[in-house]
2 protein chains.
Amino acid sequence: MVMEDGTSTFPRHIADTKACEIRDLLDRLADKWSLLVVELLGDGSRRFSELKREIDGISQRMLTLTLRQLERDGLVTRTVHAVVPPRVDYELTPLGASLLAAIEPLVGWARTHRDDIASARDRYDVSA
Amino acid sequence: MVMEDGTSTFPRHIADTKACEIRDLLDRLADKWSLLVVELLGDGSRRFSELKREIDGISQRMLTLTLRQLERDGLVTRTVHAVVPPRVDYELTPLGASLLAAIEPLVGWARTHRDDIASARDRYDVSA
DNA sequence: CGGCATCCTAAGGGATACTG
DNA sequence: CAGTATCCCTTAGGATGCCG
């Protein structure tokens, strides 16, 4: 924030406030798969093998790790059904759903500005 | 999307549509520093050394790489002033500003649900 | 089916030294 | 001041094999 006298109240190190929040955000979502899983579960609960099939290219290991972390953060519930063969369902919690809502603007931005970025890249690359 | 008859029009592989957009998004922003730089520049233009000072822990190398990529994607402009010592200013483009706006809901979410996540984690960790 | 445990590599990114 | 170049190390994450 810039005051009328020209001084600024913005912290010299953004680490103080915003940076911490953003860091949290990145630590939680900025991996290769978390956002994809959240987005998928937004469409409804899924079992492990369904997620594995629907998320192109994910390994079993990474799906497990991703789901565990989402569960730990309270974004996803894990429900084990005592049947044979075993069946495990994953579902967004209300908190997870609220995250999904907060992500939508960003996904929308990516969609609408996809071309802008592509052309900006082309311009940059030819000039270089 | 789930139809009235219970069938779903949601693609089996989300790679088809949403996943691509999300992938784009992640490729662009899911690194350690890009979001931090964008957020900082949202407060106004900065020169290289200012960014370096304000972003706690970033190396000269990574700041350069991050800024180059943001410039390439058309999110940031780089202005070199022909003075000595050299002075280079970085500023958000309109596209960059629109991205910042799209990020705000997410940053807000992180702030409001910070405690929810922390307590969810504690619960998970003690039960494990 | 839904996982762990192990191994292994590719890439991200820090530290340092040099330059216009 | 604002980079570039080089080296090096840590980590994400893929492949594979085993188990309840």
Side-chain angles (χ1 to χ4, degrees), chain A residues 12-13 15 19 22-38 40-41 45-73 76-91 124 127-128, chain B residues 13 15 19 22-23 25-37 40-41 45-73 76-91 124-125 127-128:
Chain A
R12 282 203 319 290
H13 284 79
I22 294 180
R23 204 61 91 186
D24 282 353
L25 216 59
L26 291 174
D27 288 346
R28 190 156 356 269
L29 303 174
D31 57 88
K32 210 171 170 185
W33 307 110
S34 292
L35 266 179
L36 254 20
V37 171
V38 169
L40 242 194
L41 290 180
S45 101
R46 298 281 202 295
R47 56 189 299 183
F48 187 88
S49 53
E50 289 175 330
L51 288 172
K52 174 111 172 57
R53 230 177 310 114
E54 287 174 323
I55 302 178
D56 205 59
I58 196 171
S59 64
Q60 204 168 25
R61 168 190 150 84
M62 286 316 297
L63 181 53
T64 301
L65 289 181
T66 301
L67 288 168
R68 285 293 176 282
Q69 206 190 328
L70 291 174
E71 192 195 357
R72 185 166 108 102
D73 287 342
V76 159
T77 57
R78 177 172 183 269
T79 310
V80 182
H81 301 279
V83 296
V84 34
R87 174 195 180 98
V88 181
D89 284 322
Y90 292 91
E91 190 171 11
Y124 184 94
S127 73
Chain B
H13 283 80
I22 295 180
R23 203 62 89 186
L25 213 62
L26 292 174
D27 288 345
R28 190 155 357 269
L29 303 173
D31 56 89
K32 208 170 171 185
W33 306 109
S34 293
L35 266 177
L36 254 19
V37 171
L40 241 194
L41 291 180
S45 101
R46 299 280 204 294
R47 57 189 300 182
F48 187 89
S49 54
E50 290 174 329
L51 288 171
K52 173 112 173 54
R53 230 176 311 113
E54 289 174 322
I55 302 179
D56 204 60
I58 197 171
S59 65
Q60 204 167 21
R61 167 189 150 84
M62 285 317 295
L63 181 54
T64 301
L65 290 180
T66 301
L67 287 169
R68 287 290 178 282
Q69 205 191 330
L70 292 175
E71 192 197 356
R72 184 165 108 101
D73 288 341
V76 158
T77 58
R78 176 171 182 268
T79 309
V80 181
H81 301 278
V83 297
V84 32
R87 174 195 179 97
V88 182
D89 284 323
Y90 292 91
E91 191 172 9
Y124 184 94
D125 290 346
S127 71

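Just so it is clear, the structure is predicted and the values come from calculations on it, not from any experiment. Chain identifiers are assigned alphabetically (A, B, ...) following the order of the sequence lines, protein sequences preceding nucleic acid strands; residue numbering begins at 1 within each chain.
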Closest-nucleotide ordering on DNA chain D, the 5'-leading residue of B:V88 and A:P86: B:V88
To the nearest 0.5 Å, what is the distance between [atom1] ([X]) and [atom2] ([Y])?
X: A:T77; Y: A:L70; atom1: OG1; atom2: CG; value: 11.0 Å
X: A:L63; Y: A:E54; atom1: CG; atom2: CD; value: 10.5 Å
X: B:D27; Y: A:K32; atom1: CG; atom2: NZ; value: 9.0 Å

Side chain of [X] only, please: which of [options] is the nearest?
X: B:M62; options: C:dG13, C:dG2, D:dG3; result: C:dG13
X: A:R47; options: C:dG2, D:dA2, D:dG3; result: C:dG2
X: B:R61; options: C:dG3, D:dG3, D:dA5; result: D:dA5
X: B:S59; options: D:dG14, C:dG14, D:dG3; result: C:dG14

Atom [atom1] of [X] and atom [atom2] of [N]: how far apart are they, to the nearest Å?
X: B:Q69; N: C:dG13; atom1: CD; atom2: C1'; answer: 13 Å
X: A:L63; N: C:dC4; atom1: CG; atom2: P; answer: 11 Å
X: A:R87; N: D:dG20; atom1: CZ; atom2: C1'; answer: 19 Å
X: B:L51; N: D:dG3; atom1: CG; atom2: C1'; answer: 14 Å
X: B:H81; N: D:dG3; atom1: NE2; atom2: C1'; answer: 16 Å
X: B:L65; N: D:dA5; atom1: CG; atom2: P; answer: 11 Å
X: A:K52; N: C:dC1; atom1: NZ; atom2: P; answer: 12 Å
X: A:E71; N: C:dG2; atom1: CD; atom2: C1'; answer: 14 Å

Touch class at under 4.0 angstrom, heavy-atom based, for A:K32 against every strand present: sugar-phosphate
Among A:R53, A:R87, A:K52, side chain to side chain contact (heavy atoms under 4.5 Å, CB included) partner for A:R47: A:R87
